[in-house]
Amino acid sequence: MTLRLTNTLSRAKEVFTPLVDRRVAIYCCGVTVYDLCHLGHARSYIVWDVLRRYLSWPGQSGGAYQVTFVQNFTDIDDKILNRAAEQGLAMEEVSERNIMAYFQDMDALNILRADSMPRATACLDGIRALIAELEHKGAAYSADGDVYFAVMKQAGYGKLSGRDLSEQQEGASGRTTGEEDARKHHPFDFALWKGAKPGEPSYPSPWGPGRPGWHIECSAMVRQELGDTIDIHLGGADLIFPHHENEIAQSEAASGKPLARYWLHNGMVNVGGEKMSKSLGNFTTIRALLASGVSPMTLRLFVLQAHYRKPLDFTLEGLEAAATGWKGLSAALALGSTHQAALGWSEHQVVAPASLPEDLKAIRERFQEAMDDDLNTAAALGELFELARPLRALANRLRIGDLPSAADQAQSLRWQLLVELAGVLGLQPDQSGSTPLSGSNPGRSAEPARLAPETAASAATSSAATPATPATTAVATPAAVASVAPSGLSDAAIEALVVQRKAAKAARDFASADSLRAELKAQGIELVDKPGGVTVWLRG
RNA sequence: GGCGGCAUGGCCAAGUGGUAAGGCAGAGGAUUGCAAAUCCUUUACCCCCAGUUCGAAUCUGGGUGCCGCCUCCA
């Protein structure tokens, strides 16, 4: 079993072999911090987070890789300047604000922070040095305060995106700025350094004051943080051309060595068949979605149910399906801690495959095979669901006050394996207030069972009516949650109502019984009638 | 015009030569006075045509449809 990854360079799945044994150097293209992140960003970083977690997994065949993960912030750019001008802020204020928001959003999605997150404005020395080097080597030329990369001088330009410059229709999109073109030797030459324009922030350089172009940032940061050749370079498929192509040209012209051995690209998030993007205005921000009651793990599940290279259509229905699916998975995952006292299972640890019974071992192997096969998270999730099924059933029985049997107790390994494998995908039980359960039959539930999490997303699920909104609206999400107010009733008061209802039922006064049930429901109290006339209640 | 990708049940989505994972929804059943919740069971021959093969969703050719990139973009 070896990890195979689709390398955009070869358009084929290749066996992954790191440059240095058991160590992996990864660079991931980060965001331009002019606005909040949307679901497209969420998908990208969730998927790469899973790659990182998988490589770092101790259960990885051959042992965990030691991963160094670098991701940048582009904090100087036209769009940031525009935004700053619109809002009457300094460029730094805009970028700082959005960097903070980035961390909040990604932390919420349980995305591990990179080992290093360089910012363009803090790497200017490296950028200038790299440009100077390219100029010395004849790969770049300056013109009126700008510096351009000479595309035609770089053999192999186009190898990542499969483009042959001579076959490209120049300006196929009909968008060229004549002024800049006049300074370029070739239409595909791109700016390494842009001469300062009046009123814009600028930095000194041998070519005059100005600021770096976008592509050169990444080349300089990779070199500074990780060296000439890295193992894996990550990014969205929309970055293949021109960004990554240019990055390769710059870095390889300077070092004479390959920039990255493996180039991985994630597919886009679509809305109604179109790419979600800022410019189309059809985006939903991560925080808007989370604020609408969709849990972070639901979003993770939604993303991971598709293969990372394929486009993923964002729909309300898909999100609801993920929410319901997560509810079950989550109940199983939370089992050990939720029912700690009843089960006495120890906190999760890495399970030695040798200690697993055959059926669990087989599941674990299939999980690993799926992940090894170009991160087939959809198939891997299938194994997780299989692992979870009996645990979910157990969790639901315990939830309504049943006591675990000896056979239930024996499920400990299954649960530990589930927690471990789910962790590889970054899936973990939601942090939410758990609520004690009370049974009206005193003899039954000495065990303080707790309510399964994911109340938020299931509530979002039930309010399905909101239609997908047109592009002008920033948020296309389930309606806000808040369907049930937290109950102000005391346990004793609830008990009393449950007893009343029981009496009404005994008297076959079902109308009263049902209205009592409705009354409690309005207070967020769920009644579960179990066989044998036993009713338990749960706070919602 | 160039480059790349996709097309699997009601929806989403795995599956690259041997007779279709999983999730959601639906249906049936158990439980219930009813409901909810929960549990069990259950639903496909894979866009079209022509080939290769003992055998194809999976390979080849053609067609149709859709998407991404060629401009900032995860």
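Every value quoted in this text rests on a predicted model; they were computed, and no experiment measured them. Below, read A as the first sequence line, B as the second, and so on, with proteins coming before strands; counting in each chain starts at 1.
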Backbone N/O of A/Ile286 and side chain of A/Asp105: donor-acceptor pair under 3.5 Å: no
Touch class at under 4.0 angstrom, heavy-atom based, for A/Asn376 against every strand present: sugar-phosphate
Closest to the A/Arg501 side chain, choosing from B/rC72, B/rC34, B/rA13: B/rC34
Side chain of A/Gln305 - closest among B/rC39, B/rA74, B/rG22: B/rG22
Inter-nucleotide P distance (B/rG63, B/rG4), Å rounded: 16 Å
Donor-acceptor side-chain pairing of A/Tyr34 and A/Asp78 below 3.5 angstrom: no
From CA spacing to verdict: salt bridge (Lys or Arg N to Asp or Glu O under 4.0 Å), A/Lys159, A/Glu245: CA-CA 8 Å; A/Lys159 67 180 178 183; A/Glu245 198 69 75; over 6 Å; no
Whole-Å C1' distance, B/rA14 and B/rG23: 11 Å
Selection from B/rC69, B/rC24, B/rA14 that lies nearest to any side-chain heavy atom of A/Ala306: B/rA14
Nearest-nucleotide pick for A/Asp514, side chain only, options being B/rC69, B/rC34, B/rA37: B/rC34
Rounded distance (nearest 0.5 Å) linking atom CD1 of A/Ile76 with atom CG of A/Leu81: 6.0 Å
A/Ser161 or A/Asp373, whichever maps to the more 5' nucleotide of RNA chain B: A/Ser161
Distance, P atom - from B/rG26 to B/rC59, rounded to whole angstrom: 35 Å
Distance between C1' atoms of B/rU64 and B/rA50 (Å, rounded): 15 Å
Options B/rG33, B/rC39, B/rC67, nucleotide nearest the side-chain atoms of A/Lys505: B/rG33
P atoms of B/rC46 and B/rC40, separation to the nearest Å: 31 Å
Selection from B/rC70, B/rC6, B/rC34 that lies nearest to any side-chain heavy atom of A/Phe241: B/rC70
Verify stack between A/Phe510 ring and B/rG33 base, 5.5 Å, 30 degrees: yes
Any A/Lys275 side-chain N or O less than 4.0 Å from OP1/OP2 of B/rC66: no
A/His307 side chain, from C-beta outward: closest of B/rG33, B/rA74, B/rA14: B/rA14
B/rU8 to B/rC3 separation - P atoms, rounded to the nearest Å: 25 Å
Nearest-angstrom distance, P atom, B/rC45 to B/rG10: 10 Å
Heavy-atom check, side chain of A/Arg539 versus side chain of A/Ile494, under 4.5 Å: yes
Under-4.0 Å side-chain N/O to phosphate OP1/OP2 contact, A/Lys327 with B/rC24: no
Side-chain H-bond candidate by donor/acceptor type, A/Ser219 with A/Glu247, under 3.5 Å: no
Touch class at under 4.0 angstrom, heavy-atom based, for A/Ile240 against every strand present: nothing
A/Asn396 vs B/rC39: side-chain N/O to OP1/OP2 distance below 4.0 Å: yes
Between B/rA74 and B/rC67 - P atom distance, rounded Å: 22 Å
Closest listed nucleotide, where the reference is the side chain of A/Arg389 and the choices are B/rG22, B/rC24, B/rA14: B/rG22
Nearest-nucleotide pick for A/Ser279, side chain only, options being B/rG22, B/rA74, B/rC72: B/rC72
Nearest-nucleotide 5' precedence on RNA chain B, A/His38 against A/Ala321: A/Ala321
Nearest to side-chain heavy atoms of A/Arg163, which nucleotide of B/rG33, B/rC70, B/rC24: B/rC70
